[in-house]
Amino acid sequence: MNRWWLWAVGGAGVAVLMVAGWKTFFSPDPGAALVVLVITGGLLLVSPFVLPHLQALVVGVDGFELRLVREMATHGAPRTARLLANTELAEIAEAYGVIHTQLVGGSFYTVRKQVQDHLVGRAAAFASQRTFDPDEVRVLFPTASGPVRVLLLGLMQGDPRLVDAATLIGAIAVPVTANEQYQALVLAEANLRRFTDAERTELLAAVDGANLGGDDSDRRKIVDRIRALPV
C-alpha cells in the first residue's frame, strides 16, 4: 500500500474520533454504537503505523485465526480459545490491544477506557451464556497479555465461578493497566465475602502495596468501600 494512502486513512481516523468525541459530549448514554465508532476511528488513526507491520491474524490448521485466540490455546486454555474463536469478543480485544499500545498519553485516555469498558461488558454478557473452565482461566491469567487479562476479568464479572482470590490479587498488585486494576477491585468488592480469611488478608495486603492513583481516584473509592465491608 502506498504511503500516502496510509496517511489518508489515518486522517479519516482523526475525523471519526472527532465525531465520536462530539457525540460523547452531547449524549448522556452513547451506547455500543459509539464504542464501535471509537474503535473504528482509533484503528484508522493508527493505521499509518500499524498496517505495514500488522500481524493480528495467523494461519492455523483451520485457516486464519486471531493471534489472541492462538495465545489462549498455547498458554493452557484450549477450551476457552474455542469458545471465543470467531466471536466479536476476540475481535474487540484485538482492537483494544492495538489502541492501547498505539494511542498512548492522557489525550487518548477516554478512547482507551471506552473500548476497555465495552470489552468488559460484552465479556460479562457472553460468560453468562456460556460455560467456561475456571481452571483454564486461572492458569491463563498470570502470563496473558493485557487484552486477554481484561477479557478474562470481564468473563469473571459475568460468571462468579471463574473468580478466585489469587487472580484478583495479581491484577491489583501488578496490573498491566490501571483499568485492569479497577476491574479487579470491582470484582474483589463483589466477591469479598466468598473468600477465606487468609485470602482476604492477602488481598488487603496487596491493596496496601498497590499504586491506586490519586487520592480522588475511582480505585481508591472502591478500596474504601472494601475496607468498610463487614466480613
Side-chain angles (χ1 to χ4, degrees), residues 24-25 27-32 34-35 89 92-93 96 100 106 108-231:
T24 300
F25 183 80
S27 175
D29 184 17
L34 177 59
V35 176
L89 270 180
I92 294 172
Y96 167 72
H100 179 74
F108 294 111
Y109 170 78
T110 300
V111 174
R112 294 195 303 271
K113 186 176 185 302
Q114 283 179 331
V115 176
Q116 185 156 324
D117 288 348
H118 182 62
L119 173 60
V120 170
R122 295 300 297 165
F126 190 74
S128 67
Q129 302 167 3
R130 299 290 192 277
T131 301
F132 287 86
D133 185 339
D135 291 335
E136 281 197 352
V137 171
R138 291 165 191 164
V139 168
L140 178 60
F141 192 91
T143 59
S145 62
V148 174
R149 287 164 71 101
V150 171
L151 192 156
L152 294 178
L153 289 171
L155 295 178
M156 293 178 204
Q157 292 191 18
D159 184 356
R161 296 181 314 106
L162 305 178
V163 176
D164 79 299
T167 297
L168 298 187
I169 289 168
I172 292 168
V174 191
V176 175
T177 67
N179 202 275
E180 173 194 323
Q181 187 184 60
Y182 171 83
Q183 301 297 344
L185 288 168
V186 169
L187 283 162
E189 181 182 12
N191 294 275
L192 190 65
R193 293 185 181 89
R194 299 176 55 238
F195 300 150
T196 66
D197 290 343
E199 288 171 337
R200 285 193 290 267
T201 298
E202 189 175 355
L203 189 146
L204 291 174
V207 167
D208 288 339
N211 178 7
L212 300 172
D215 293 338
D216 60 344
S217 71
D218 291 339
R219 286 169 287 163
R220 290 192 181 276
K221 293 174 184 176
I222 297 176
V223 168
D224 290 341
R225 294 200 301 267
I226 289 175
R227 293 188 183 283
L229 285 173
V231 292

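Note that the numbering runs from 1 along the sequence shown for the chain.
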*R130: what forms a salt bridge (charged side-chain N to carboxylate O under 4.0 Å, His left out) with it, not counting sequence neighbours?*
none
*If you measure from CG on D224 to CG on L229, what distance do you get to the nearest 0.5 Å?*
11.0 Å
_Run the side-chain hydrogen bond (donor to acceptor under 3.5 Å, both in side chains) test against R194 and tell me which residues pass, sequence neighbours left out._
N191
*Locate the shortest heavy-atom distance separating A188 from I226; write the atom from each residue and the value.*
CB-CD1, 4.1 Å
*When you look at F195 and T201, which way does the side-chain contact (heavy atoms from CB on, under 4.5 Å) test go after all the steps?*
CA-CA 10 Å; F195 300 150; T201 298; over 6 Å; no
*Identify, with sequence neighbours excluded, every residue that meets salt bridge (charged side-chain N to carboxylate O under 4.0 Å, His left out) alongside D208.*
R227
*Decide salt bridge (Lys or Arg N to Asp or Glu O under 4.0 Å) for D197 and R200; before the verdict, give the C-alpha distance in whole Å, the side-chain angles of both, and the deciding distance to 0.1 Å.*
CA-CA 5 Å; D197 290 343; R200 285 193 290 267; 2.3 Å; yes
_Reported CG-to-OG1 distance for the pair L162 and T131, which is rounded to 0.5 angstrom_ = 9.5 Å
*Compare every heavy atom of I222 with every heavy atom of L185, then report the nearest pair and how far apart it is.*
O-CG2, 3.6 Å
*Can you sort out the partners of A178 under side chain to side chain contact (heavy atoms under 4.5 Å, CB included), two or more places apart, ordered by chain and number?*
R219
_Going by side-chain hydrogen bond (donor to acceptor under 3.5 Å, both in side chains), name the pairs with one or both residues in residues 154-168, residues two or more places apart or in two chains._
Q157-Q183, D159-R161, D164-T167
*Roughly how far, to the nearest 0.5 Å, is the CG atom of N179 from the CG atom of L119?*
10.0 Å
*For the residue pair L212 and Q181, establish whether any side-chain heavy-atom pair is separated by less than 4.5 Å.*
yes
*Once you round to the nearest 0.5 Å, how far does CE of M156 lie from CZ of F132?*
11.5 Å
*Find the distance between CG (L168) and CD (E199) and round it off to the nearest 0.5 Å.*
9.5 Å
Between side-chain atoms of residues 136-153 and protein atoms elsewhere (two or more places apart, or another chain), which donor-acceptor pairs fall under 3.5 Å?
{"from": "E136", "atom 1": "OE1", "to": "R79", "atom 2": "N", "distance (Å)": "3.4"}
{"from": "E136", "atom 1": "OE1", "to": "T80", "atom 2": "N", "distance (Å)": "2.8"}
{"from": "E136", "atom 1": "OE1", "to": "T80", "atom 2": "OG1", "distance (Å)": "2.7"}
{"from": "E136", "atom 1": "OE2", "to": "R79", "atom 2": "N", "distance (Å)": "3.2"}
{"from": "S145", "atom 1": "OG", "to": "E71", "atom 2": "OE1", "distance (Å)": "3.1"}
{"from": "S145", "atom 1": "OG", "to": "E71", "atom 2": "OE2", "distance (Å)": "3.2"}
{"from": "R149", "atom 1": "NE", "to": "E180", "atom 2": "OE1", "distance (Å)": "3.2"}
{"from": "R149", "atom 1": "NE", "to": "E180", "atom 2": "OE2", "distance (Å)": "3.1"}
{"from": "R149", "atom 1": "NH1", "to": "F141", "atom 2": "O", "distance (Å)": "3.2"}
{"from": "R149", "atom 1": "NH2", "to": "V174", "atom 2": "O", "distance (Å)": "3.4"}
{"from": "R149", "atom 1": "NH2", "to": "E180", "atom 2": "OE2", "distance (Å)": "2.8"}

